[in-house]
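Okay, so here's the structure we're looking at.
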Amino acid sequence: MHSVTYSMGVSLDGYIVGPDGAFDWTPPDEEVFRFATDEVREAGVHLLGRRLYETMLYWETVDQVPSLDFSTLEFAAVWKALPKVVFSTTLSAVQGNARLASGGLAEEIERLRAEPGDGNIAIGGATLAAEAAAWGLIDEYRARVYPVLVGGGIPFFPQHERRVDLELVETRTFSSRVVALRYRVAR
């Protein structure tokens with residue numbers, strides 16, 4: 001069965017974007033970028049909300065810029081090849097190796113878990129992750145914690161009123177002072 005993983009950059013005070021909607025404090029250095037590329041490589045499919053999908057559209061054409069470094073081109077190739085499912089009530093079409101979700105999140109995850117193949121089901125975007133968490137569908141939380149306090153914004157962890165016990169699986173500290181944390185939901 002495929003695991004559902006939720007992974008994003010997060011401020012030390014727990015936000016994926018600040019109160020002004022900016023996340024300019026999350027650009028990764030080379031070491032963190034390679035780590036994120038390897039994480040995407042582990043996915044068999046990526047579920048995205050509309051806002052994250054639109055942000056990530058950049059990676060669909062960035063490889064056409066000849067002056068980019070190898071790491072950027074490598075991430076673009078891995079991202080473009082990855083199948084994506086976009087959840088949106090406002091989009092009528094999507095680009096690249098993506099499709100619009102045909103049903104609800106729980107039904108889509110159930111269908112994807114039943115499919116053969118390798119890789120986890122990655123989920124991105126706070127709203128979509130909050131819905132998956134409310135249904136108890138997230139198996140792992142992966143946070144790349146940046147050394148910054150942004151004071152508010154969109155929280156990384158869904159705000160629901162139930163306890164979720166976690167088991168620490170991995171930690172890694174990068175030279176940029178970013179700390180990667182990987183927790184598995186204790187079942």
Side-chain angles (χ1 to χ4, degrees), residues 1-10 14 16-17 32 34-60 74-145 154-172 180-187:
M1 184 188 298
H2 304 281
S3 292
V4 176
T5 62
Y6 171 42
S7 176
M8 295 197 71
V10 59
I16 60 171
V17 298
V32 174
R34 285 190 182 280
F35 180 83
T37 301
D38 289 343
E39 206 172 65
V40 172
R41 222 187 292 279
E42 293 176 10
V45 62
H46 202 291
L47 311 181
L48 304 97
R50 180 195 50 84
R51 281 180 284 188
L52 183 58
Y53 165 74
E54 289 175 342
T55 300
M56 296 302 286
L57 276 175
Y58 167 81
W59 294 101
E60 295 297 326
E74 181 182 24
F75 181 85
V78 171
W79 181 257
K80 283 176 69 169
L82 180 64
K84 293 166 269 306
V85 180
V86 181
F87 291 81
S88 173
T89 57
T90 58
L91 295 176
S92 58
V94 291
Q95 301 172 33
N97 192 8
R99 68 175 173 81
L100 285 169
S102 56
L105 179 61
E107 295 81 17
E108 189 71 42
I109 288 175
E110 183 178 324
R111 188 184 65 69
L112 290 167
R113 282 190 199 262
E115 287 183 358
D118 295 328
N120 57 49
I121 300 167
I123 191 165
T127 303
L128 201 60
E131 184 180 343
W135 286 97
L137 298 173
I138 296 179
D139 300 304
E140 281 190 13
Y141 289 88
R142 298 177 179 187
R144 286 180 307 282
V145 182
I154 299 174
F156 174 85
F157 291 103
Q159 304 298 307
H160 52 76
E161 296 184 13
R162 69 179 183 90
R163 177 180 165 151
V164 178
D165 292 321
L166 304 172
E167 299 170 351
L168 181 63
V169 175
E170 178 183 8
T171 63
R172 181 169 172 189
L181 302 170
R182 182 176 163 205
Y183 286 94
R184 183 176 300 123
V185 174
R187 302 209 193 271

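For the side chain to side chain donor-acceptor pair (under 3.5 Å) test, no residue two or more places apart in sequence or in another chain qualifies with Arg184.
Closest approach of Asn120 to Ser3, counting heavy atoms only: CB-O, 3.2 Å. Heavy-atom minimum distance, Val4 versus Arg113: CG2-NH2, 3.3 Å. Looking at every heavy atom in both residues, Phe75 comes nearest to Ala36 through CE1-O, 4.5 Å. In this structure, Ala132 and Ile123 approach most closely via the heavy-atom pair CB-CD1, 3.7 Å. Closest approach of Tyr53 and Ala98 over heavy atoms only: CE1-CB, 4.4 Å.
In this structure, a donor-acceptor pair under 3.5 Å is present between the side chains of Glu39 and Ser7.
With rounding to the nearest 0.5 angstrom, the CG atom of Leu52 is 9.0 Å from the CG atom of Leu128. One finds the CD atom of Glu167 at 10.5 Å from the CZ atom of Arg187 (value rounded to the nearest 0.5 Å). If you take NE2 on His2 and CG on Asp118, they are separated by 7.5 Å, rounding to the nearest 0.5 Å.
Judged by distance alone, the side chain of Tyr6 and the main-chain N or O of Ala130 form no donor-acceptor pair under 3.5 Å.
Counting heavy atoms from C-beta outward, Glu74 and Arg41 have side chains that approach closer than 4.5 Å. Inter-residue side-chain proximity for Asp139 and Val185 is flagged as unmet; no heavy-atom pair is nearer than 4.5 Å.
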Please table the atom pairs, donor to acceptor, closer than 3.5 Å between any side-chain atom in residues 76-93 and protein atoms at least two apart or in another chain.
unit_1: Lys80; atom_1: NZ; unit_2: Glu60; atom_2: O; d: 3.3
unit_1: Lys80; atom_1: NZ; unit_2: Asp63; atom_2: OD2; d: 3.1
unit_1: Lys84; atom_1: NZ; unit_2: Trp79; atom_2: O; d: 2.6
unit_1: Lys84; atom_1: NZ; unit_2: Leu82; atom_2: O; d: 2.6
unit_1: Ser88; atom_1: OG; unit_2: Thr90; atom_2: N; d: 3.0
unit_1: Ser88; atom_1: OG; unit_2: Thr90; atom_2: OG1; d: 3.3
unit_1: Ser88; atom_1: OG; unit_2: Leu91; atom_2: N; d: 2.9

Check: residues 103-111 side-chain donor-acceptor pairs under 3.5 Å, at least two apart:
unit_1: Glu107; atom_1: OE1; unit_2: Gly104; atom_2: N; d: 3.2
unit_1: Glu108; atom_1: OE2; unit_2: Arg99; atom_2: NH1; d: 3.4
unit_1: Glu108; atom_1: OE2; unit_2: Arg99; atom_2: NH2; d: 2.3
unit_1: Glu108; atom_1: OE2; unit_2: Arg111; atom_2: NH2; d: 2.6
unit_1: Arg111; atom_1: NH1; unit_2: Glu115; atom_2: OE2; d: 2.4

Side chains of residues 42-49: which donor-acceptor pairs under 3.5 Å do they make with residues two or more places apart or in other chains?
unit_1: Glu42; atom_1: OE1; unit_2: Arg142; atom_2: NH1; d: 2.9
unit_1: Glu42; atom_1: OE1; unit_2: Arg142; atom_2: NH2; d: 3.3

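Pairs engaging residues 97-142 under the ring pair (Phe, Tyr, Trp, His ring centres under 6.0 Å) rule: Tyr141-Phe157 [sequence neighbours left out]. Applying the ring pair (Phe, Tyr, Trp, His ring centres under 6.0 Å) definition to pairs two or more places apart or across chains, none involves residues 96-121.
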